[in-house]
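In what follows, chains are A, B, ... by sequence order, proteins preceding strands, each numbered from 1. Remember, it's a predicted structure, so these values are computed and weren't measured experimentally. Atoms considered below: every heavy atom in the structure, side chains included; atoms not considered: hydrogens, waters and symmetry mates.
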Amino acid sequence: EPEVTQTPSHQVTQMGQEVILRCVPISNHLYFYWYRQILGQKVEFLVSFYNNEISEKSEIFDDQFSVERPDGSNFTLKIRSTKLEDSAMYFCASTDSLTGELFFGEGSRLTVL
Amino acid sequence: GQSLEQPSEVTAVEGAIVQINCTYQTSGFYGLSWYQQHDGGAPTFLSYNALDGLEETGRFSSFLSRSDSYGYLLLQELQMKDSASYFCAVHGGYQKVTFGTGTKLQVIP
């Protein structure tokens with residue numbers, strides 16, 4: 001069964017360092033998303049992406065964040081200068097339709113020290 | 001923007017029925033989804049309602065009332081494996097799906 005894959009599963013970084021989280025969406029999906037979840041809290045929308053452009057972004061997604069689809073398969077989230085409060089689980093999701101199911105990856109846990 | 005409210009915790013007995021409510025405020029509305037998340041896992045899709053009424057999928061049903069900005073998830077014949085967090089999510093923009101605060105369901109024997 002097709003699935004969304006994310007790497008790394010866990011990354012530890014120092015405050016101020018750049019981090020890139022990678023996602024391979026399901027191959028025939030066109031709509032991509034990044035969410036984050038601080039431990040024990042809700043799943044927060046960061047950004048959505050379609051046709052090589054950002055469709056929507058939240059207030060969390062400031063200038064420190066960027067997304068890119070560098071080739072036909074990968075979808076990346078970059079945090080330029082990490083802060084302690086960026087520590088969270090980051091989930092990538094994809095879908096082939098604007099209505100209905102989002103398919104989530106298993107997440108990348110980011111720990112900022 | 002969007003805001004969604006759910007009860008934070010619900011406890012129910014194995015074999016029983018439980019209803020998890022969700023109220024939302026949103027400037028645009030296309031539909032309401034429900035997701036299940038076990039501890040340490042990814043959210044997994046349960047249901048989607050675009051129109052008013054009840055949608056049934058096995059032991060799970062989801063209801064939507066757009067005029068009341070309200071929906072609920074109904075879980076029947078509860079099993080221990082249903083212990084998890086449940087999130088409603090509103091499709092409120094062109095490509096924006098906003099999750100609610102989440103309800104932690106504990107199923108007890």
K.L.:
Between V43(A) and Q37(B), what is the shortest heavy-atom contact and its length?
P.N.:
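Where V43(A) meets Q37(B) most closely, the heavy atoms are CG2-OE1, 4.3 Å.
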K.L.:
More than 12 non-hydrogen atoms from neighbouring residues, nucleotides or ligands closer than 6.0 Å to CD on E14(B), yes or no?
P.N.:
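Atom CD in E14(B) is crowded, with more than 12 foreign heavy atoms closer than 6.0 Å.
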K.L.:
Could you state whether F60(B) and F87(B) fall into the same hydrophobic cluster, counting links through intermediate Ile, Leu, Val, Met, Phe, Trp or Tyr residues with side-chain heavy atoms under 4.5 angstrom apart?
P.N.:
no
K.L.:
Counting heavy-atom pairs under 4.5 Å to chain A, which of G31(B), G40(B), P43(B) comes out on top?
P.N.:
P43(B)
K.L.:
I need the E56(A) CD to T98(B) OG1 distance, nearest 0.5 Å.
P.N.:
8.5 Å
K.L.:
Taking CG in D39(B) as the centre, count heavy atoms belonging to other residues, nucleotides or ligands within less than 6.0 Å. Is the count above 12?
P.N.:
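Not more than 12 within 6.0 Å, no.
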K.L.:
Do other residues, nucleotides or ligands put more than 12 heavy atoms under 6.0 Å from E53(A) CD?
P.N.:
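Result for CD/E53(A): open.
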K.L.:
If you link I, L, V, M, F, W and Y whenever their side-chain heavy atoms are under 4.5 Å apart, who else ends up in the same group as L113(A)?
P.N.:
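V12(A), listed by chain and number.
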K.L.:
So for E44(A), is it side chain, backbone, both, or neither that comes closer than 4.5 Å to the heavy atoms of chain B?
P.N.:
neither
K.L.:
V97(B) and side chain to side chain contact (heavy atoms under 4.5 Å, CB included): which single residue from Y35(A), F45(A), Y31(A) fits?
P.N.:
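Among Y35(A), F45(A), Y31(A), the one that satisfies the side chain to side chain contact (heavy atoms under 4.5 Å, CB included) with V97(B) is Y35(A).
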K.L.:
For A42(B) and G105(A), which heavy atoms make the closest approach, and how far apart are they?
P.N.:
CB-O, 3.1 Å
K.L.:
Taking the side chain as everything from C-beta on, heavy atoms only, tell me whether Y35(B) gets closer than 4.5 Å to L102(A).
P.N.:
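Yes, their side chains come closer than 4.5 Å.
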K.L.:
What about L105(B) and F63(B), same hydrophobic cluster or not, with Ile/Leu/Val/Met/Phe/Trp/Tyr joined at side-chain heavy-atom distances under 4.5 Å?
P.N.:
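No, separate clusters.
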K.L.:
Just verifying a value: how many Å separate K42(A) NZ and S8(B) OG, rounded to the nearest 0.5 Å?
P.N.:
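If I round to the nearest 0.5 Å, the distance is 14.0 Å.
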K.L.:
With rounding to the nearest 0.5 angstrom, report the NZ to OG distance, K96(B) to S58(A).
P.N.:
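The distance works out to 6.5 Å.
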K.L.:
Less than 6.0 Å separating the ring centroids of F104(A) and F45(B)?
P.N.:
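No, ring centres 6.0 Å or more apart.
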K.L.:
Sort Y30(B) into side chain, backbone, both or neither according to what part of it lies under 4.5 angstrom from a heavy atom of chain A.
P.N.:
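Neither part.
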K.L.:
Should we say atom CD of Q19(B) is surrounded by more than 12 heavy atoms from elsewhere, each under 6.0 Å from it?
P.N.:
yes
K.L.:
Using distance only, find each side-chain donor-acceptor pair of residues 72-80 of chain A under 3.5 Å and give its atom names and separation, not counting sequence neighbours.
P.N.:
from	atom 1	to	atom 2	distance (Å)
S73(A)	OG	D71(A)	OD1	3.2
N74(A)	ND2	D71(A)	OD1	3.2
N74(A)	ND2	D71(A)	OD2	3.0
T76(A)	OG1	E68(A)	O	3.4
R80(A)	NH1	D63(A)	O	2.4

K.L.:
Tell me, side chain or backbone of Y50(A) under 4.5 Å from chain B's heavy atoms, or both, or neither?
P.N.:
both
K.L.:
When clusters are formed by joining ILVMFWY residues with side-chain heavy atoms under 4.5 Å apart, either directly or through shared neighbours, do F99(B) and F61(A) land in the same one?
P.N.:
no
K.L.:
For Y48(B), is it the side chain, the backbone, both or neither that has a heavy atom under 4.5 Å from a heavy atom of chain A?
P.N.:
side chain
K.L.:
Judged by atom type as modelled, is there a donor-acceptor pair below 3.5 Å linking the side chain of S48(A) to the main-chain atoms of Q95(B)?
P.N.:
yes
